[in-house]
S.K.: 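Got a structure here, written out as structure tokens. Questions coming.
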Amino acid sequence: MRILVIEDDPVLSNGLQVGLGLSGATVDRVETCVDARAALATSGFDAVVLDIMLPDGSGLDVLREMRKAGDCTPVLLLTALDETPDRIRGLDSGADDYLGKPFDLDELAARVRAIARRNSGRAAPVMILGGLVVEPSSLSATLDGSVLTLSRREFAVLSTLMERPGTIRSKTEIEDRLYGWQEEIESNAVEVHIHNLRGKVGRETIETVRGLGYRMRMTP
């Protein structure tokens, strides 16, 4: 999952990047409305964590602009303004969830997973395909009851494919889940991860669609 954090407090922003990263996400962060608009216009995200009080304006304006433009990326508002009218205003502006400061990082990560899951059309927190079970909350996967040993990026690739079995995911889509802005993309990283995953979940489980990308083979 790739997340955009829009927060001007550098300590909090860095903590969110590290904490959400430990939960398996790739996190990019900006500090202003201007940079947030640029990021949203140039990159695709699975979720946005948005502070309301930003140095150059209100995060609610960014949120309203997103929704007016048809951007349905799930948004969790994060703010010190936690009175009921503030929550109502945020939700009515198009937010998917709301969390007041101070907050528990584990709860925030769970809420982000929930809004991203709903946006992708999944209700269940666990992804299952035949004997393969993937649990994003614990960064774990099992095959026929046996625990799979996966690297963080292998898990990210597998989760991306498991979100919509049978749907082709391009190499670029998968790379977007693996790398943030500051990370160098290795030219054959996706191919290497796919190769390793096939050795763990079965060669026939992940299909290569030549010229288009990869998909999970639907079980009969």
Side-chain angles (χ1 to χ4, degrees), residues 1-5 16-29 43-47 49 73-74 105-106 108-122 124-219:
M1 177 164 48
R2 189 171 182 186
I3 301 171
L4 177 64
V5 171
L16 286 169
Q17 185 173 40
V18 172
L20 290 170
L22 290 174
S23 71
T26 297
V27 182
D28 294 307
R29 55 191 178 112
S43 301
F45 298 94
D46 298 293
V49 176
T73 305
L105 185 56
D106 288 338
L108 182 142
R111 286 175 178 265
V112 169
R113 287 194 298 271
I115 61 176
R117 184 171 67 241
R118 290 196 298 269
N119 188 61
S120 68
R122 291 188 299 111
V126 177
M127 296 178 282
I128 302 174
L129 183 63
L132 180 61
V133 179
V134 176
E135 300 187 41
S137 63
S138 60
L139 300 180
S140 64
T142 59
L143 179 63
D144 296 328
S146 297
V147 176
L148 298 175
T149 301
L150 304 174
S151 70
R152 184 181 73 84
R153 284 182 169 158
E154 286 173 354
F155 186 86
V157 173
L158 182 60
S159 296
T160 300
L161 296 173
M162 283 285 286
E163 285 173 358
R164 296 196 294 272
T167 299
I168 299 169
R169 308 304 292 266
S170 70
K171 179 179 177 179
T172 299
E173 284 183 89
I174 297 172
E175 287 175 339
D176 284 344
R177 294 292 190 91
L178 298 179
Y179 298 98
W181 294 328
Q182 307 303 318
E183 297 178 287
E184 182 178 353
I185 300 176
E186 300 174 44
S187 60
N188 66 336
V190 172
E191 290 84 352
V192 170
H193 293 315
I194 292 290
H195 173 78
N196 291 339
L197 282 171
R198 282 175 170 152
K200 298 174 182 181
V201 303
R203 295 198 58 80
E204 302 302 319
T205 304
I206 302 175
E207 293 183 283
T208 298
V209 183
R210 191 172 299 276
L212 296 177
Y214 305 91
R215 66 184 171 193
M216 299 299 292
R217 183 188 295 274
M218 298 295 291
T219 55

S.K.: Would a 4.5 Å heavy-atom cut-off, applied to side chains only, mark Arg2 and Ser43 as touching?
M.R.: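 Answer yes - side chains close enough.
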S.K.: Could you tell me which non-hydrogen atom of Gly145 sits nearest to which non-hydrogen atom of Thr142, and how far apart they are?
M.R.: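 So the minimum-distance heavy-atom pair works out to C-CB, 4.2 Å.
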S.K.: Rounded to the nearest 0.5 Å, what separates atom CD1 in Ile194 from atom OG1 in Thr208?
M.R.: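 If we round to the nearest 0.5 Å, Ile194:CD1 and Thr208:OG1 are 7.0 Å apart.
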S.K.: So among Arg152, Gln17, Met1, which one has a side chain to side chain contact (heavy atoms under 4.5 Å, CB included) with Thr26?
M.R.: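 The side chain to side chain contact (heavy atoms under 4.5 Å, CB included) with Thr26 is passed solely by Arg152 among Arg152, Gln17, Met1.
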S.K.: Roughly how far, to the nearest 0.5 Å, is the CG atom of Leu150 from the NE2 atom of His193?
M.R.: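 Result: 11.5 Å between the selected atoms.
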S.K.: Write down the atom of Gly21, the atom of Val27, and the distance for their closest heavy-atom approach.
M.R.: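 Taking Gly21 first and Val27 second, the nearest heavy atoms are N-CG2, 4.1 Å.
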S.K.: Is there side-chain contact between Val134 and Phe155, with at least one heavy-atom pair below 4.5 Å?
M.R.: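 When only atoms from C-beta onward are counted, Phe155 and Val134 do touch, with a gap below 4.5 Å.
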S.K.: Between the main-chain N or O of Trp181 and the side-chain N or O of Asp28, is there a donor-acceptor pair closer than 3.5 Å?
M.R.: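 Yes, the answer is positive, given that a donor and an acceptor are paired below the 3.5 Å cut-off.
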S.K.: Do Arg169 and Thr160 have a side chain donor and acceptor closer than 3.5 Å?
M.R.: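 No pair is found: no donor N or O on one side chain lies under 3.5 Å from an acceptor on the other.
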S.K.: Is there a side-chain contact between Leu16 and Arg29 (heavy atoms, below 4.5 Å)?
M.R.: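 Side chain of Leu16 against side chain of Arg29, heavy atoms only: no contact under 4.5 Å found.
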S.K.: Which heavy atom in Arg198 sits nearest to a heavy atom in Tyr214, and how many Å separate them?
M.R.: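 So the minimum-distance heavy-atom pair works out to NH2-CD2, 4.3 Å.
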S.K.: First locate atom CG of Leu20, then atom CG of Leu108, and finally report the distance between them rounded to the nearest 0.5 Å.
M.R.: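 Answer rounded to 0.5 Å: 6.0 Å.
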S.K.: Have a look at Glu163 and tell me which of Arg215, Arg177, Arg113 forms a salt bridge (charged side-chain N to carboxylate O under 4.0 Å, His left out) with it.
M.R.: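 Answer after filtering Arg215, Arg177, Arg113: Arg177.
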S.K.: Can you name the nearest heavy-atom pair linking Ile3 to Ala25, along with the distance?
M.R.: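 Answer, listing the atom of Ile3 first, then Ala25: CD1-CB, 3.6 Å.
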S.K.: Give me the one residue out of Met127, Lys200, Met162 that meets side chain to side chain contact (heavy atoms under 4.5 Å, CB included) with Leu132.
M.R.: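 For Leu132, the side chain to side chain contact (heavy atoms under 4.5 Å, CB included) test succeeds with only one of Met127, Lys200, Met162, which is Met162.
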S.K.: Rounded to the nearest 0.5 Å, how far does CG of Leu129 lie from OG1 of Thr205?
M.R.: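 If we round to the nearest 0.5 Å, Thr205:OG1 and Leu129:CG are 7.5 Å apart.
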S.K.: For the OG atom of Ser159 and the CD atom of Glu154, what is their distance to the nearest 0.5 Å?
M.R.: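 Answer for the OG-CD pair, Ser159 versus Glu154, is 11.5 Å.
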S.K.: Does the side chain of Thr73 reach to within under 4.5 Å of the side chain of Asn119, using non-hydrogen atoms?
M.R.: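 No, every pair of side-chain atoms sits at 4.5 Å or beyond.
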S.K.: Indicate the atoms forming the closest heavy-atom contact of Leu139 with Ser23, along with that distance.
M.R.: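 In this case the closest contact between Leu139 and Ser23 is CD2-O, 3.2 Å.
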S.K.: Which atom names give the shortest non-hydrogen contact between Glu184 and Tyr179, and what distance separates them?
M.R.: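 The answer is O-CE2, 3.4 Å.
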S.K.: Taking the side chain as every heavy atom from C-beta outward, state whether Leu158 and Met216 have any atom pair closer than 4.5 Å.
M.R.: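 Contact flag for Leu158/Met216 side chains = yes.
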